[in-house]
Protein chains: 2
Amino acid sequence: MIARQTTVQTDGSAQCGMHAGERCALCKVRPVSICAALDSKELCALDALAQQSVFEPKSTLFIQDEPASTVFNITEGVVRLYKLLPDGRRQIVGFALPGDFLGLAMADRYGCSADAIETVRVCRFSRIAFGAFLDEKPHLLRRLHEFATHELSLAQDQMVVLGRRSAEEKVASFLVGLQNRLARIGAVSATVPLAMSRQDIADFLGLTIETVSRTLSRMAREKMLVIVPGGVRLLDPKRVEALAAR
Amino acid sequence: MIARQTTVQTDGSAQCGMHAGERCALCKVRPVSICAALDSKELCALDALAQQSVFEPKSTLFIQDEPASTVFNITEGVVRLYKLLPDGRRQIVGFALPGDFLGLAMADRYGCSADAIETVRVCRFSRIAFGAFLDEKPHLLRRLHEFATHELSLAQDQMVVLGRRSAEEKVASFLVGLQNRLARIGAVSATVPLAMSRQDIADFLGLTIETVSRTLSRMAREKMLVIVPGGVRLLDPKRVEALAAR
DNA sequence: ATCCCACATTGATCCTGGTCAATTCGGGGT
DNA sequence: ACCCCGAATTGACCAGGATCAATGTGGGAT
């Protein structure tokens, strides 16, 4: 049940003149979406708080209801966030991609469990230290609040998907949503890479693995997409988007 | 499509020596759950920004995707928050009770539509003015951020309900969840008052009105509850909670 | 009181997606 | 090459909840 976690050498020399909005392979801290709120001095201060680590596939980052000690920023790989019911049913509440924060709630305990689907690289912050840093930078807190409300908006969209859409619409909106998120972090492609298993997709969409499989097959048969190893290529994006339309 | 909104006389004389955490019938501002973060001087400053209004049953507070001009704090009544699909299907993403904030996302546009189920009293703040006030009070922003993440947590719990629970479990968790929220704002009772229609409950739980009705009838037949005018009385709270168990 | 109308309940039937079961596929190890 | 094992696909059947339709109920207007 304990995260099998490998802390990478801290590489304390990784100083860099990173500009706001720019990515930098040397910096430990690469929170793509908040750096706009920080100047380079602040980024370096944040960098000093960061620890890099790597999580192997299937290893656990944190577990629901356990004390929240750490804030994570993903630099590489995909993480699934989920809740379990007592009888073992699982609902995946989201997939976290590079650039995303985990544990931002700054609550005492984690609200859900998280584990690595692929090999995942993160930088970690002590929740206490991160909170203190935040107290010094109200504009950063503001930015983070915007993040949290964006997450809320995503969650509400997913409530619509879970409550009011057919299996085919669910799968279509999943594919389109994932493609859009990947595009926003720079991975543009007609082929949507699916790091997660069919079971993960099913548990995200409130379906069974068989229904996901059948639905993808049917969409392939109807020339909307082709199933390729490790993902799906959209042949008729228009038609898929129409199904996903909100 | 425009909110039929009646602005009540502003009652500018409503000054009071309200203490943190205390409720006050005279103050315009009674944001039950944030006042802990404000001293009485700050509360008076916030009070000066507030405008009271009343919304008639079925009137609209705001509409999804329209420019967000106003932040609301509910002082009385129940509001439904929902998203519509192009074909008219509706998903209610939450019910807002007295003490709750609406429009807190501080985003440019509202993420969902909101309308009054009963007669609703609110106090309104200009989003701009509220944002400026927030910039002066980082600790208040912090509090608000905690709120937003609590909302997120509620939304994720609801995702589990929508994706992984049977009709009976959905209805049970709705009743228990509502009862708990009412208890937290001081309305403790074995009878859960249901201000919302069966259609509203159905659209919240991802069911049809018929299934909600049948499920309540069955639970009544099995002596778990009695259906009373305007609500439901739990006869066997233990059994209902067991169905709702997370 | 009576009518009206929206809301709620109940019943009969249908259909989407779940369940159970049998293959098939694909990657890794020897 | 071969086997192995977990993941995915496909098929046959089932059931929970949706749909369609009829009936009941309660509050407001006249």
Side-chain angles (χ1 to χ4, degrees), chain A residues 56-58 78 80 85 87-92 117-119 161-175 192-222 225-232 243, chain B residues 56-58 80 85 87-92 115 117-119 161-175 192-222 225-232 243:
Chain A
E56 301 301 322
K58 304 192 180 177
V78 180
R80 66 176 160 239
L85 291 176
D87 62 4
R89 283 176 287 179
R90 183 179 69 159
Q91 177 68 44
I92 290 184
I117 287 175
E118 312 166 283
T119 296
V161 170
L162 287 168
R164 285 288 173 239
R165 312 204 72 140
S166 70
E168 189 170 46
E169 291 171 331
K170 284 178 176 182
V171 171
S173 74
F174 168 69
L175 293 174
V192 187
L194 299 177
M196 61 291 290
S197 68
R198 296 290 188 268
Q199 185 66 62
D200 289 334
I201 299 172
D203 285 348
F204 182 56
L205 297 176
L207 298 171
T208 59
I209 186 175
E210 293 94 332
T211 299
V212 171
S213 182
R214 265 188 265 270
T215 304
L216 283 171
S217 299
R218 176 154 25 86
M219 290 171 84
R221 212 177 311 127
E222 290 171 7
L225 50 80
V226 272
I227 298 165
V228 297
V232 144
L243 280 171
Chain B
E56 301 301 321
K58 303 193 181 178
R80 65 175 160 241
L85 291 176
D87 62 5
R89 283 175 287 180
R90 183 179 70 159
Q91 176 68 44
I92 291 185
D115 43 45
I117 287 175
E118 311 166 283
T119 297
V161 170
L162 287 169
R164 284 287 172 242
R165 312 204 75 141
S166 69
E168 188 170 47
E169 291 171 330
K170 284 178 176 181
V171 171
S173 74
F174 168 68
L175 293 175
V192 187
L194 300 176
M196 61 292 290
S197 69
R198 297 289 188 267
Q199 186 66 63
D200 290 334
I201 299 173
D203 285 348
F204 182 57
L205 297 176
L207 299 171
T208 59
I209 186 177
E210 294 93 334
T211 299
V212 171
S213 183
R214 266 188 263 270
T215 303
L216 283 172
S217 299
R218 177 153 24 86
M219 290 171 83
R221 211 177 311 127
E222 290 172 6
L225 50 80
V226 271
I227 298 166
V228 297
V232 143
L243 280 172

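Convention: sequence-line order gives letters A, B, ...; per-chain numbering from 1. All values derive from a computational prediction rather than experimental measurement.
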Discussion item. I'd like to know whether B:M196 forms a side-chain contact (heavy atoms from CB on, under 4.5 Å) with B:F174, so could you lay out the CA-CA distance, the side-chain angles of the two residues, the decisive distance to 0.1 Å, and finally the verdict.
Written reply: CA-CA 12 Å; B:M196 61 292 290; B:F174 168 68; 3.9 Å; yes
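Spacing between atom CZ of A:R218 and atom P of D:dT10 amounts to 12 Å, rounded to whole angstrom units. A straight line from CZ of B:R89 to C1' of D:dT19 spans 15 Å, rounded to a whole angstrom. Residue B:I117 contributes atom CD1, which lies 16 Å from atom C1' of C:dA6 at whole-angstrom precision. Taking atom CG of A:D200 as the reference point, atom C1' of D:dA8 lies 13 Å away to the nearest angstrom. Atom CD1 in A:I201 sits roughly 8 Å away from atom P in D:dA8 (whole-Å rounding). At whole-Å resolution of the value, CG in A:L207 and C1' in D:dG16 are 15 Å apart. Straight-line distance from the CG atom of A:D203 to the P atom of D:dA8: 12 Å, rounded to whole Å. A straight line from CE of A:M219 to P of D:dT9 spans 13 Å, rounded to a whole angstrom.
Between the axis at the start and the axis at the end of the helix from C:dA1-D:dT30 to C:dT30-D:dA1 there is an angle of 40°, using five pairs per end and rounding to 10 degrees.
Once rounded to the nearest 0.5 Å, the distance linking CD of A:Q199 with CZ of A:R90 reads 6.0 Å. In this structure, CG in A:L175 is found 6.5 Å from CG in A:L194, a value given to the nearest 0.5 Å.
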Practice prompt. Take nucleotides 7-13 of chain C nucleotide by nucleotide from the 5' end and write B, S or -, depending on whether a protein heavy atom sits under 4.0 Å from the base, only from the sugar-phosphate, or from neither.
Written response: SSBBBB-
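Side-chain atoms of A:E56 do not come within 3.5 Å of backbone N or O of A:T119 as any donor-acceptor pair. Here the side chain of A:T215 pairs a donor or acceptor atom with the backbone of A:T211 at under 3.5 angstrom. Although no hydrogens or angles enter the test, the distance criterion places a donor-acceptor pair under 3.5 Å between the side chain of A:S217 and the main chain of A:S213.
Between A:A167 and A:P229, it is A:A167 whose nearest contact on DNA chain C lies nearer the 5' terminus.
Legend: salt bridge (charged side-chain N to carboxylate O under 4.0 Å, His left out) pairs involving residues 164-175 of chain B, not counting sequence neighbours, sorted by first then second residue: A:R89-B:E169, A:D203-B:R164, B:R165-B:E169, B:E168-B:R218.
If you check every strand for non-hydrogen atoms under 4.0 Å, A:G206 touches sugar and phosphate atoms only.
Salt-bridge annotation for B:R80 and B:D115: present, with a side-chain N of the basic residue lying under 4.0 Å from a carboxylate O of the acidic one.
Closest non-hydrogen pair, A:L225 versus A:L216, comes out as CD1-O, 3.9 Å.
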